[in-house]
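Below is one structure, written out as structure tokens; the observations come after it.
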Amino acid sequence: MNNRTEEPPKNFIRQIIDQDLADGKNDGKVLTRFPPEPNGYLHIGHAKSICLNFGIASDYQGLCNLRFDDTNPDKESQEYIDAIQEDIRWLGFEWSKLCYASDYFEQLYDYAVSLIESGKAFVCSLDSEEIRRQRGTLTEPGVESPYRNRTVEENLDLFLRMREGEFQEGEHVLRAKIDMASANINMRDPVLYRIKHTVHPRTLNQWCIYPMYDYTHCISDAWEAITHSLCTLEFEDHRPLYDWVLDTLETPCHPQQIEFARLALDYTITSKRKLNSLVQDKHVSGWDDPRMPTLSGMRRRGIPPEAIQDFCERIGITKKDALIEMSVLENCIREFLDSRTARMMCVLKPLKVVIENYPEDEEEMLDVANHPKDPDMGRRSVPFSRTLYIERDDFMEDPPGKFFRLAPGREVRLRYAYNITCTDVVKNEAGEVTELRCRYDPESQGATGRKKKVKGVIHWVSTKHAVDAEVRLYDRLFNIPDPGSSPELAASLNPDSLKVLKDCKIEPAAQMLALEDRVQFERQGYFCLDRVHTRKEYPVFNRIVTLRDSWQKLERKV
RNA sequence: UGGGCCGUCGCCAAGCGGUAAGGCACCGGGUUUUGAUCCCGGCAUUCGCAGGUUCGAAUCCUGCCGGCCCAGCCA
């Protein structure tokens, strides 16, 4: 699943596992789990966790389960359950067991009963507002619930009746009996069960009481014999409760919770709630909009899963809140794609060129390598003729010093073909350039003709043979580095995150591409044939990432 | 100033008492029919700050400073 050749990077979690193994803990086994709540689509932040959990399992000859944390039917749905599985597989991982917290509801209930029996839990009949008020504050202790000393019998009776649907939502909850004066608010008699008369995507109407995360997660881990339960930093304060539940109950084992920092990528967001609002408010076309940092969006965009894995490995695992620069991801994508994609020529913004000294009805098929360094990628024929399209940006009437592309009187090389010199510029009444008249040097083709050095090389497509296409140019979704911390999300959206070019011209080889295939359009970037909108006679390409562009860098400086 | 956690180059990140790896970014230079790729070189006398322990500290101790998380019947 992972073609990693070098040693996996060391991080503090692997060090803990190494030590555990050295100490002979867990019978030398390593079992992890990836536990998403099915209330949204997976994003790049989840990818970090997936790569960590599945990566560790595979490197230590262990296993990793996929477990849906489906304890809140108000927010969860089968759509998400299906999408999450598809995305994990696409990323390149396969789970050992497919589990659902909801599969444990019956056992979870039994455990709750035993907690009541041992006097460690009680039914509280305060409403949520009262519970909140009595919980105290960060600096003041809470006060004990007046229901805290109900008898075991009464608690048992009430809890059973909660299950049987005798009560309205909010009438009662089951609470752990821990310590209302604890400095850790999570330990102030936390709620374990609440009543919800909601249809659950899997258990349907079977239950009207649902266990809370803190109660469910640790027990689920223990039942699956998870050895290392990896989660993000915000659960650090919950670890004492995780341990309390497992210490108080008789569970088969006691997994170790270890927390690491969640991923933050600049110029984007990794919050399911905020991602969802972009979808709901139609700022993007859906969860799989190619600008979204969701796995489905990145797939649609054309980002290879291997590049995402590489990225997750490079950023490391620590407890430090980090904001990773997008350039790291882009570098991973380019690095993966460079050696693996065929090259092609595509003119994004066409400008017509007529080669006056090239015979009217002649055309040549040029034999061209698909990859500059890898002969195994084969060759193809590219048609050349008297009239061509070149990129508008490759011509300037009055070019600045370092511009070595086409300009009046200047000579450039047409990639794989001839040198041409611009002899005349044709304009319309508005003064816009509509056509270039050029002359070519018949001696300049092929290996021998190359001896004359010209600084500029530009791409082109023969007008007669060109395939019309749409190209979608994507840029960062937000125009500030940390939109997640901005109060007004929509205000920081980048208005230029998508540019649709409907009049692009590609060489005929483009017709051989299959949906989701990736190519490099020379001098422009990597592109992916869109799997949703492409039609046979009108391909649609998504730009995955640009090529590094030192010209643009230079240009910006001037 | 209740509790938990974090602070090593612009962004990540190794380092675990013996004298600052690596990646991204950036800046040079070479190769090149992609201003791409590739190659070569540069890029922290210093580890949030201040004291202390030690022959020796980014690593140990103390005290500050800065940042993040927690008062859902969310996860």
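As the structure is a prediction and not an experimental result, all values here were calculated from the model.
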Do the side-chain N or O atoms of [X] get closer than 4.0 angstrom to the phosphate oxygens (OP1, OP2) of [N]?
X      : N     : result
A:R273 : B:C74 : no
A:T71  : B:C74 : no
A:R523 : B:G35 : yes
A:Q19  : B:C16 : no
A:R135 : B:C73 : yes

* **Heavy-atom neighbours of A:K274 NZ exceed 12 at 6.0 Å** => yes
* Asked: More than 12 heavy atoms of other residues, nucleotides or ligands under 6.0 Å from NZ of A:K349: is that the case?
  -> no
Complement of [N], any strand, by Watson-Crick or G-U distances under 3.5 angstrom:
N     : answer
B:U1  : none
B:U34 : none
B:C47 : none
B:G41 : B:C27
B:G66 : B:C6
B:A58 : none

Base, sugar-phosphate or nothing for [X]? Non-hydrogen atoms, less than 4.0 Å.
X      : answer
A:D127 : base
A:L126 : base
A:K75  : base
A:P36  : nothing
A:H459 : nothing
A:R343 : base
A:Q15  : base
A:E140 : nothing
A:M212 : sugar-phosphate
A:F403 : base
A:Y210 : nothing

[atom1] atom, [N] versus [M]: distance in rounded Å?
N     : M     : atom1 : value
B:U54 : B:C64 : C1'   : 23 Å
B:A20 : B:G29 : C1'   : 27 Å
B:G15 : B:C69 : C1'   : 27 Å
B:C43 : B:G3  : C1'   : 42 Å
B:U59 : B:C16 : C1'   : 6 Å
B:G72 : B:C9  : C1'   : 42 Å
B:G17 : B:G23 : P     : 26 Å
B:U19 : B:C5  : P     : 31 Å

Determine whether the side chains of [X] and [Y] contain a donor N or O and an acceptor N or O closer than 3.5 Å.
X      : Y      : answer
A:T137 : A:E140 : yes
A:T270 : A:H43  : no
A:E144 : A:Q134 : no
A:N72  : A:E76  : no

* Asked: Is any side-chain N or O of A:Q524 under 3.5 Å from a base N or O of B:U34, one able to act as donor and the other as acceptor?
  -> no
* Has the side chain of A:R405 got a donor or acceptor that lies under 3.5 Å from a partner of the other kind on the base of B:G35? -> yes
* Asked: So, are A:R33 and A:E224 salt-bridged, with charged N and O less than 4.0 Å apart?
  -> no
* In terms of side-chain geometry, is the basic nitrogen of A:K319 or A:E236 positioned less than 4.0 Å from the acidic oxygen of its partner? -> yes
* Conformer about C1'-N of B:G23 - syn within 90° of 0, anti elsewhere -> anti
Within the 6.0 Å centroid threshold, strictly below: [X] and [Y]:
X      : Y      : value
A:F336 : A:F311 : no
A:Y41  : A:Y80  : yes
A:Y193 : A:Y215 : yes

* Structure fact -> Walking RNA chain B from its 5' end, the first of A:F521 and A:R132 to be reached, judged by nearest nucleotide, is A:F521
* To do: Please tell me which of A:T139 and A:H238 maps to the more 5' nucleotide of RNA chain B, matching each residue to the nucleotide holding its nearest heavy atom.
  => A:T139
* A:R148 CZ to A:F122 CZ distance, which is reported to the nearest 0.5 Å -> 6.0 Å
* Structure fact -> Each nucleotide of nucleotides 6-13 of chain B classed B (base within 4.0 Å of a protein heavy atom), S (only sugar-phosphate) or -, in 5' to 3' order, makes SSS-BSSS
* Side-chain (A:N370) to main-chain (A:A342) donor-acceptor, under 3.5 angstrom -> no
* For RNA chain B, the residues among residues 173-196 of chain A that have a non-hydrogen atom under 4.0 Å from it -> A:V173, A:A183, A:I185, A:V191, A:R194, A:K196
* Check whether the aromatic ring of A:W551 stacks on the base of B:G35, taking stacking as ring centres less than 5.5 Å apart and planes within 30° of each other. => yes
